**Student:** 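For reference, the structure I am asking about is given below.
These figures come from a predicted structure and were not determined experimentally.
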Amino acid sequence: MTPEKEIHPAADYDEFVDWGRRLAREEPLFRAVFEEVGARNVLDIGCGSARHAIMFATWGLDVVGVDPDESMLAQADTNIGSQAERIAEAGGSVRTTRGGFGGLCDLGLAGFDALVCTGNALPHVEGHEGLRLALADFAKALRRDGALVLHLLNHSRLLMSRPRSIPPVVRDTTAGTKVFLRVIDYPMDGEHVDFDFLTLVRGHDGEWSLEHRRSVHAALPIDLLETELRSSGFDDVRVYGGHDMKALEVDTDESVIVVAKRV
């Protein structure tokens, strides 16, 4: 095995996720929420490679994607360019800008009908105080009665059962076979859940190499999320255990989806 190297976050993101299957599964929930509030514009926080933003734009919506990582934004702009004709035909638009949690107002982003934060992006806030700042900023970016959609790992389950890993994902790519692994640590402070993202790559020469990245996440169990949402100016908080809008089973569901309205 060749020496390990650090993963660049955008390098394998679109390879790791089966976007066709994922977007097909998630589309009905987003359509239902957007139709409920009559959304015409959407703010996508932690937009990553803009796959959700592009889907929304192909529905004729105007979308702004925000992400702090330049490499992600570069990948996002490439993806947006490849879908420019579809977006234009639908009458939608999508653009990206660099920014992080708590900084939306500083970017002049306000008055949106809907705001989404998907793909386990929210736990990248700076602890519980960072969560409060982020949610307050979300509320200011939304119009009254606008919708907020959060999607993240079910931290309540993680903190109760403390699994050490998430099932691996294997993909055949142009660079060779990649095995994506996530190893989880639970610091004693109880406010963080740390992930080591490991990628094993078997090149076309048959040799394996290891890439890695560590990411510190704020622990955001559902009871904390619900409390802080209401304290930050949201109500009508609905919690689901999947994009089929089934009720959350705290002990078993891998992810949690939260839909709320801005008061």
**Student:** Could you give me the CA-CA distance, side-chain angles and deciding distance for Lys246 and Asp253, then say whether salt bridge (Lys or Arg N to Asp or Glu O under 4.0 Å) is met?
**Tutor:** CA-CA 10 Å; Lys246 73 177 185 67; Asp253 284 328; 2.7 Å; yes
**Student:** Pair up each side-chain donor or acceptor in residues 54-62 with any protein partner under 3.5 Å, not counting sequence neighbours, and list the distances.
**Tutor:**
| residue | atom | partner | partner atom | Å |
| --- | --- | --- | --- | --- |
| Thr58 | OG1 | Met55 | O | 2.6 |
| Asp62 | OD1 | Ser93 | OG | 2.7 |

**Student:** Which heavy atom of Leu159 sits nearest to which heavy atom of Ala219, and what is that distance?
**Tutor:**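 It is CD1-CB, 4.2 Å.
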**Student:** Provide the closest heavy-atom pair for Pro123 versus Asn120 in the form atom of the first, atom of the second, distance.
**Tutor:**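 Looks like CD-O, 3.3 Å.
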**Student:** Once rounded to the nearest 0.5 Å, what's the spacing between atom OG of Ser255 and atom NE2 of His243?
**Tutor:**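 Separation between the atoms: 7.5 Å.
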**Student:** Can you tell me if Asp205 uses its side chain to pair, donor with acceptor, with the backbone of Glu207 under 3.5 Å?
**Tutor:**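 Yes; at least one donor-acceptor contact below 3.5 Å.
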**Student:** Please evaluate residues Val64 and Thr96 with respect to the criterion side chain to side chain contact (heavy atoms under 4.5 Å, CB included), reporting the C-alpha separation (whole Å), side-chain torsions for both, the decisive distance (0.1 Å), and the verdict.
**Tutor:** CA-CA 6 Å; Val64 177; Thr96 63; over 6 Å; no
**Student:** Would you say the side chain of Lys178 lies within less than 4.5 Å of the side chain of Leu200, judging by non-hydrogen atoms?
**Tutor:**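 Answer no - side chains too far apart.
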**Student:** Run the salt-bridge test on Glu228 and Arg132 with the 4.0 Å N-O cut-off and return the result as yes or no.
**Tutor:**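 Looking at Arg132 together with Glu228, the answer is yes, because their closest N to O distance falls below 4.0 Å.
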**Student:** For the rings on His52 and Phe30, is their centre-to-centre separation under 6.0 Å?
**Tutor:**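 Yes, the ring of His52 comes within the 6.0 Å limit of the ring of Phe30, centre to centre.
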**Student:** Within this structure, what is the CG-CZ distance for the pair Asp18 and Arg171, rounded to the nearest 0.5 Å?
**Tutor:**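 The CZ atom of Arg171 is 5.5 Å from CG of Asp18, to the nearest 0.5 Å.
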**Student:** Quick one: salt bridge (Lys or Arg N to Asp or Glu O under 4.0 Å) partners of Glu27, sequence neighbours excluded?
**Tutor:**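 If we apply the salt bridge (Lys or Arg N to Asp or Glu O under 4.0 Å) test to Glu27, skipping adjacent residues, the hits are Arg31.
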**Student:** What about Leu181 and Leu210, same hydrophobic cluster or not, with Ile/Leu/Val/Met/Phe/Trp/Tyr joined at side-chain heavy-atom distances under 4.5 Å?
**Tutor:**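 In one cluster: yes.
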**Student:** Establish whether Met160 and Val193 are linked, either directly or via other cluster members, by ILVMFWY side-chain heavy-atom contacts under 4.5 Å.
**Tutor:**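 Different hydrophobic clusters.
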**Student:** Stepwise, does the salt bridge (Lys or Arg N to Asp or Glu O under 4.0 Å) test hold for Asp14 with Arg51?
**Tutor:** CA-CA 9 Å; Asp14 278 347; Arg51 298 291 185 168; 3.1 Å; yes
**Student:** Determine, stepwise, if the pair Leu43 / Leu109 fulfils side chain to side chain contact (heavy atoms under 4.5 Å, CB included).
**Tutor:** CA-CA 8 Å; Leu43 186 57; Leu109 298 171; 3.9 Å; yes
**Student:** In Å and rounded to the nearest 0.5 Å, what is the CD to OG distance from Glu226 to Ser231?
**Tutor:**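 Rounded to the nearest 0.5 Å, the CD-OG separation comes to 11.5 Å.
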**Student:** Just by modelled atom types, is the Ala139 backbone N or O under 3.5 Å from a matching donor or acceptor in the Arg262 side chain?
**Tutor:**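 It does hold such a pair.
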**Student:** Which heavy atom of Val179 sits nearest to which heavy atom of Pro168, and what is that distance?
**Tutor:**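 Shortest heavy-atom contact: CG1-CB, 4.3 Å.
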**Student:** Begin with the C-alpha distance, continue with both residues' side-chain angles, and end with the deciding distance and a verdict on side chain to side chain contact (heavy atoms under 4.5 Å, CB included) for Val94 and Ile87.
**Tutor:** CA-CA 8 Å; Val94 57; Ile87 293 169; 3.6 Å; yes
**Student:** Give a yes or no on whether Val237 and Leu122 share a hydrophobic cluster (residues Ile, Leu, Val, Met, Phe, Trp, Tyr; joining criterion: side-chain heavy atoms under 4.5 Å apart).
**Tutor:**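 Val237 clusters together with Leu122.
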**Student:** Counting only heavy atoms not in Glu129, do more than 12 sit closer than 6.0 Å to its CD atom?
**Tutor:**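 Yes, CD of Glu129 has more than 12 neighbouring heavy atoms, counting only those of other groups under 6.0 Å.
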**Student:** Which residue pairs satisfy the side-chain hydrogen bond (donor to acceptor under 3.5 Å, both in side chains) criterion with at least one member in residues 144-157, sequence neighbours excluded?
**Tutor:**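 Checked against side-chain hydrogen bond (donor to acceptor under 3.5 Å, both in side chains) - neighbours excluded - no pair reaches residues 144-157.
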**Student:** Nearest 0.5 angstrom please: Ser232 OG to Leu225 CG, how far?
**Tutor:**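 CG of Leu225 is found 10.5 Å from OG of Ser232.
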**Student:** Indicate whether the side chain of Asn79 and that of Gln83 have a donor and an acceptor atom separated by less than 3.5 Å.
**Tutor:**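 Note: Asn79 and Gln83 side chains miss the donor-acceptor criterion.
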**Student:** Side-chain contact test, heavy atoms from C-beta onward, threshold under 4.5 Å: evaluate it for Glu254 versus Leu153 and give yes or no.
**Tutor:**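 When only atoms from C-beta onward are counted, Leu153 and Glu254 do touch, with a gap below 4.5 Å.
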**Student:** So do Ile45 and Val116 actually touch side chain to side chain, heavy atoms under 4.5 Å?
**Tutor:**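 A side-chain contact under 4.5 Å is absent here.
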**Student:** If you define the side chain from C-beta out and look only at heavy atoms, does anything of Leu248 sit under 4.5 Å from Ile222?
**Tutor:**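 SC-SC contact between Leu248 and Ile222 confirmed.
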**Student:** Rounded to the nearest 0.5 Å, what separates atom OG1 in Thr199 from atom CD in Glu15?
**Tutor:**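 The CD atom of Glu15 is 9.0 Å from OG1 of Thr199, to the nearest 0.5 Å.
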**Student:** State, with a plain yes or no, whether a side-chain heavy atom of Glu211 is found less than 4.5 Å away from one of Leu198.
**Tutor:**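 Not in contact.
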**Student:** Is there a donor-acceptor pair closer than 3.5 Å between any side-chain N or O of Arg230 and the backbone N or O of Asp235?
**Tutor:**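 Not confirmed, Arg230 side chain does not pair with Asp235 backbone.
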**Student:** Would you give the length of the straight line joining atom OG of Ser215 to atom NE2 of His192, rounded to the nearest 0.5 angstrom?
**Tutor:**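 Answer for the OG-NE2 pair, Ser215 versus His192, is 11.0 Å.
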**Student:** Thr97 vs Leu73, test: side chain to side chain contact (heavy atoms under 4.5 Å, CB included). Steps then yes/no.
**Tutor:** CA-CA 8 Å; Thr97 188; Leu73 291 175; over 6 Å; no
**Student:** Is there a donor-acceptor contact under 3.5 Å from the side chain of Asp67 to the main chain of Gly48?
**Tutor:**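 Indeed, once roles are kept as given, a pair shorter than 3.5 Å links the two residues.
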**Student:** Is Glu35 paired with Arg40 through a side-chain N to carboxylate O contact shorter than 4.0 Å?
**Tutor:**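 Salt bridge: no.
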**Student:** Please give me the minimum heavy-atom distance between Leu104 and Ala141, naming the atom from each residue.
**Tutor:**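 What the structure gives for the nearest pair is CD1-CB, 4.1 Å.
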**Student:** If the threshold is 4.0 Å, N to carboxylate O, is there a salt bridge linking Arg164 and Asp185?
**Tutor:**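 Here Arg164 pairs with Asp185 in a salt bridge, since their nearest N and O are under 4.0 Å apart.
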**Student:** Phe197 ring centre to Arg182 NZ or CZ under 6.0 Å, with the angle to the axis within 45°?
**Tutor:**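 Judged by the rule, Arg182 and Phe197 form no cation-pi pair.
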**Student:** Is any side-chain heavy atom of Val66 less than 4.5 Å from a side-chain heavy atom of Phe101?
**Tutor:**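 No, their side chains stay 4.5 Å or more apart.
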**Student:** Decide yes or no for Leu229 and Leu135: does some side-chain heavy atom of the first lie under 4.5 Å from some side-chain heavy atom of the second?
**Tutor:**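 A side-chain contact under 4.5 Å exists here.
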**Student:** Evaluate the side-chain proximity of Val263 to Phe234: yes if any heavy-atom separation is below 4.5 Å, no if none is.
**Tutor:**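 The answer is no; the side chains never approach within 4.5 Å.
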**Student:** Give me the atom names and distance for the closest heavy-atom approach of Pro28 to Ala24.
**Tutor:**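 In this case the closest contact between Pro28 and Ala24 is CD-O, 3.5 Å.
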**Student:** Would you check if the distance from the ring center of His217 to the ring center of Phe195 is below 6.0 Å?
**Tutor:**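 Yes - the distance between ring centres of His217 and Phe195 falls below the 6.0 Å cut-off.
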**Student:** Is Val250 reachable from Ile257 through a run of I, L, V, M, F, W or Y residues, each pair having side-chain heavy atoms under 4.5 Å apart?
**Tutor:**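 No; tracing contacts between hydrophobic side chains, which count when under 4.5 Å, never links both residues.
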**Student:** If the threshold is 4.0 Å, N to carboxylate O, is there a salt bridge linking Arg98 and Glu70?
**Tutor:**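 The answer is yes: the pair qualifies as a salt bridge.
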**Student:** What's the shortest heavy-atom distance between Ala147 and Leu142, and which atoms?
**Tutor:**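 Closest heavy-atom pair between Ala147 and Leu142: O-CD2, 3.6 Å.
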**Student:** Give the intermediate values and the outcome of side chain to side chain donor-acceptor pair (under 3.5 Å) for residues Thr252 and Glu249.
**Tutor:** CA-CA 6 Å; Thr252 57; Glu249 296 182 15; 3.2 Å; yes
**Student:** Look at the side-chain heavy atoms of Ile, Leu, Val, Met, Phe, Trp and Tyr, link any pair under 4.5 Å apart, and say whether Val258 and Phe112 land in one connected group.
**Tutor:**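 The answer is yes; both residues are in one hydrophobic cluster.
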**Student:** Is there a donor-acceptor pair under 3.5 Å between the side chain of Asp236 and the backbone N or O of Lys261?
**Tutor:**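 No, the answer is negative, given that no donor and acceptor are paired below the 3.5 Å cut-off.
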**Student:** Does any N or O in the side chain of Asp137 come within less than 3.5 Å of the main-chain N or O of Gly103, such that one atom is a donor and the other an acceptor?
**Tutor:**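 Here the side-chain-to-backbone pair exists.
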**Student:** Mark yes or no for whether Thr177, through its side chain, and Thr173, through its backbone, hold a donor-acceptor pair below 3.5 Å.
**Tutor:**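 Flag not set: sc Thr177 to bb Thr173 has no pair under 3.5 Å.
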